Number of protein chains: 2
Amino acid sequence: MASTPLFRRIDVAPAYQKVADAIEREIINGRIKPGEPIGTEQQLVEQFGVNRSTVREGIRVLEEGGLIRRDSSRRLQACLPRYNKLATRLSRALILHEVTFRELFETSMTLEVASVEGAVERATNENISELADNLARSAEVVEKPAALAELDAEFHVLMAKASQNRVLQLAREPAAQLFFPTTEMIVGGVAEGGARLVEAHRHLLDAIRRRDKAAGVLWTRRHLQDWRRGFEKIASLDRSVEHTYMEHAYAARQ
Amino acid sequence: MASTPLFRRIDVAPAYQKVADAIEREIINGRIKPGEPIGTEQQLVEQFGVNRSTVREGIRVLEEGGLIRRDSSRRLQACLPRYNKLATRLSRALILHEVTFRELFETSMTLEVASVEGAVERATNENISELADNLARSAEVVEKPAALAELDAEFHVLMAKASQNRVLQLAREPAAQLFFPTTEMIVGGVAEGGARLVEAHRHLLDAIRRRDKAAGVLWTRRHLQDWRRGFEKIASLDRSVEHTYMEHAYAARQ
DNA sequence: AATCTAGCTTTGTCGGACAAACCGATAAGA
DNA sequence: TCTTATCGGTTTGTCCGACAAAGCTAGATT
C-alpha cells in the first residue's frame, strides 16, 4: 500500500500544452461561447506570460482538435467542432488499422438501420423535402456513377439527420466516409445498378413519409445488400480498406 | 458551365500546414510505418527548408491528430492513432453540441446490441476469459459503485473487442465515454443496482459462451433498460449532457 | 565488468525581427 | 454623393539566434 503522499504530483506538462488546456477548459465550460473571439496572439502571450512561439504551438493543437478556428481575417475564435472534420480523422485511423470492408459493411448495416428507424419516427417535413429534393436530383443522374454516388452519400447523411439523433449522426460518419466512396465503382460496374439505387431511395423516402418502420428497415437492408453484392463482384469483403483506395478517396476529397 | 481554367488554383496553405501534410502523406501511404522514427526536428528543418518554429507547429498538428507521437526519449515516431484518444475528442464535441441522454441512450442501445451479436458469433476463448475475469472482479465490488462502474465500462469495451469488428469498436466509443460514467450515479442510487448489473453481465457472458444470440440481445436490452430506469430516477433523459456533468467526467479521466 | 562522468544532441522555451495580409479611416476621383 | 485609392497601424506567418534541461554516448574510473 502507498503511504499518504507528502507532496502533490508535480506537473510536468510542457507550456504549450498548458496553454491549449487552459483555452480548452474555457470553451468546454462555456465561458467562451462558439463564435466568440479568443484574442490575438499578443494578448495570449501577455495573459499566459509565455513566448509567442509557445502560444502558437498551443493554438495549433486546438485548431487541429476543431475547438478553435480562424475567421476570414485570421483572428482566433472558438467554434463547435464539426463532426465531419473529426470523422475524417477517424476514417484515417480506420485505414491505418487496416479494417476490412466486412467490418465496415456490418457496422454500416447496423447504423443505417438505426438511422432509418429514427427517421421514420421523427423526420420533419423539412427533412422529408430535403430527401425528396435529393431523390429528384438522383433520378436525373442515374446514368452518371460519380454524381450518383455523391448524392447517395448525401441521402444517407440526410436520413441520419432526419433521425434527429446527433450521436447517431456522428457515430455513422466515419464508417460512411469509407463506405460510400465505393458506391461509384459498384454502380458503374453493375447493370441497372443506378436504377436499383434510386429505386431503393424512393422506397426509403416513401417509408419515412408513411411512418412505416418495417418498410424502412427492409429497404435499407436491400439497399445495403445490393451494395454488398456489387462489391463482391469487384473485390473481397475481407480485404483491408487499402492504402491505394485511401489515396483514391483522399484525392477526391481535396 | 465554367470555362476551362487558364491557371491552376494557387496554393496558399501556410508552411506549417504543408509540413504536416507532407509527413501525413508519408505515413498514410505506408512509406513510414507505425513505430518508425520521423527524424529530429533539425533534420526536418533541413529537409523542408523551413525554420524550426514552423516545423514544430506542423508537428503539433500531427501529434494532436494522433499520427505521430514522441517516444520515451521524446524523439518523433509515427504511430497508429488510438481510437480512445480520438473518441475523447468526439465525446467533447458531443458535449459542446449539447446532445441529450436520450440520443446517447438510443444510439448506445443500437451499438451495444450489435456489439453483443458480434461477440456471440465470433468471441475467441481469450475474449471469453477476459470477460470472465472482468465478471469475477465485478462480483467482488458489487457494493462499490465507483469501482463497479469502471468495470462495467470495461466489460462493454471487452464485448466490443470480442465482436472482432474494429469499426464497431470505434463507433461505439464516443457514446460509451459519455454514457458509462453515469453508471456510478445510477448503481449507487438504486437498491440492488449493483447486483442487477452483475447479474446482467453474467447472463451476457453466458450467452456468448453458448453462442445464443437471442439471449445476448435480450440481456443487453434489459441491462440498458435498467440503466435507463435508474437514470430517469435522478434526471431527465431530455436534458443535455451538461457542462457540469462534463466537468465531472473530465476530472475523473485526468 | 560495472559505474561514473563529461560532452554532445535534442527538445522546450525565449526574445527579437520582418514581410505580407488585413483593418480602418482618410483622401482623391467619378 | 458614391466609389476608389492610399496610408498607417495590427496581426499573422515565418525566420534567426540563443539557452537551459533532459537524454544519449562514449571514454574514464573503480
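Please read these numbers as outputs of a predicted model, since none were measured by experiment. Basis for what follows: all heavy atoms, side chains included, without hydrogens, waters or symmetry-related copies. So you know, we letter chains A, B, ... as the sequences are listed, proteins then strands, and number each from 1.
- Proximity of A/Thr54 to the phosphate of C/dC14: a side-chain N or O atom is located under 4.0 Å from OP1 or OP2.
- Nearest-nucleotide assignment on DNA chain C puts the 5′-proximal partner with A/Val50, out of A/Arg75 and A/Val50.
- Rounded to whole angstrom, the span from the NZ atom of B/Lys18 across to the P atom of D/dG13 amounts to 14 Å.
- Residues B/Ser115 and B/Leu168 form a side-chain contact, since some pair of their non-hydrogen atoms from C-beta on lies under 4.5 Å apart.
- Going from atom CD of A/Gln42 over to atom P of D/dG9 covers 17 Å, rounded to whole Å.
- For B/Asn51 and D/dT14, the shortest distance from a side-chain N or O to OP1 or OP2 is not below 4.0 Å.
- Contact of B/Arg52 with C/dT13 (side chain to base): a donor-acceptor pair of N or O atoms is detected under 3.5 Å.
- Among B/Glu24, B/Arg25, B/Arg31, the single residue meeting the side-chain contact (heavy atoms from CB on, under 4.5 Å) criterion with B/Ile28 is B/Glu24.
- Neither OP1 nor OP2 of C/dA21 sits under 4.0 Å from any side-chain N or O of A/Arg74.
- Along DNA chain C, the nucleotide nearest to A/Tyr16 and the one nearest to B/Thr40 differ in position, and the one closer to the 5' end is contacted by B/Thr40.
- B/Arg56 places its CZ atom 16 Å from the P atom of D/dT14, with the value rounded to the nearest Å.
- Summarising the geometry, the separation between CD on B/Glu46 and C1' on D/dC15 is reported as 16 Å, rounded to the nearest angstrom.
- Ring to ring, B/Phe179 and B/His156 are not that close: their centroids are 6.0 angstrom or more apart.
- Between A/Phe105 and A/Trp227, the ring-plane angle classifies as parallel under the 30° and 60° cut-offs.
- In this entry the distance linking CD of B/Gln17 with C1' of D/dT14 reads 15 Å, nearest Å.
- If you measure from atom CG of B/Leu44 to atom P of D/dC15, you get 14 Å, rounded to the nearest angstrom.
- A heavy-atom distance below 4.5 Å is not found between the side chains of A/Arg52 and A/Leu44.
- Taking the side chain of A/Ser53 as heavy atoms from C-beta on, and the options C/dG15, D/dG13, C/dT13, the nearest nucleotide is C/dG15.
- Taking atom CD1 of residue B/Ile38 and atom P of nucleotide C/dT10, one finds them 15 Å apart after rounding to whole Å.
- The CG-C1' distance, from B/Asp71 to D/dG23, rounds to 11 Å in whole Å.
- Contact annotation: A/Arg70 side-chain N/O to C/dC22 OP1/OP2 distance is not under 4.0 Å.
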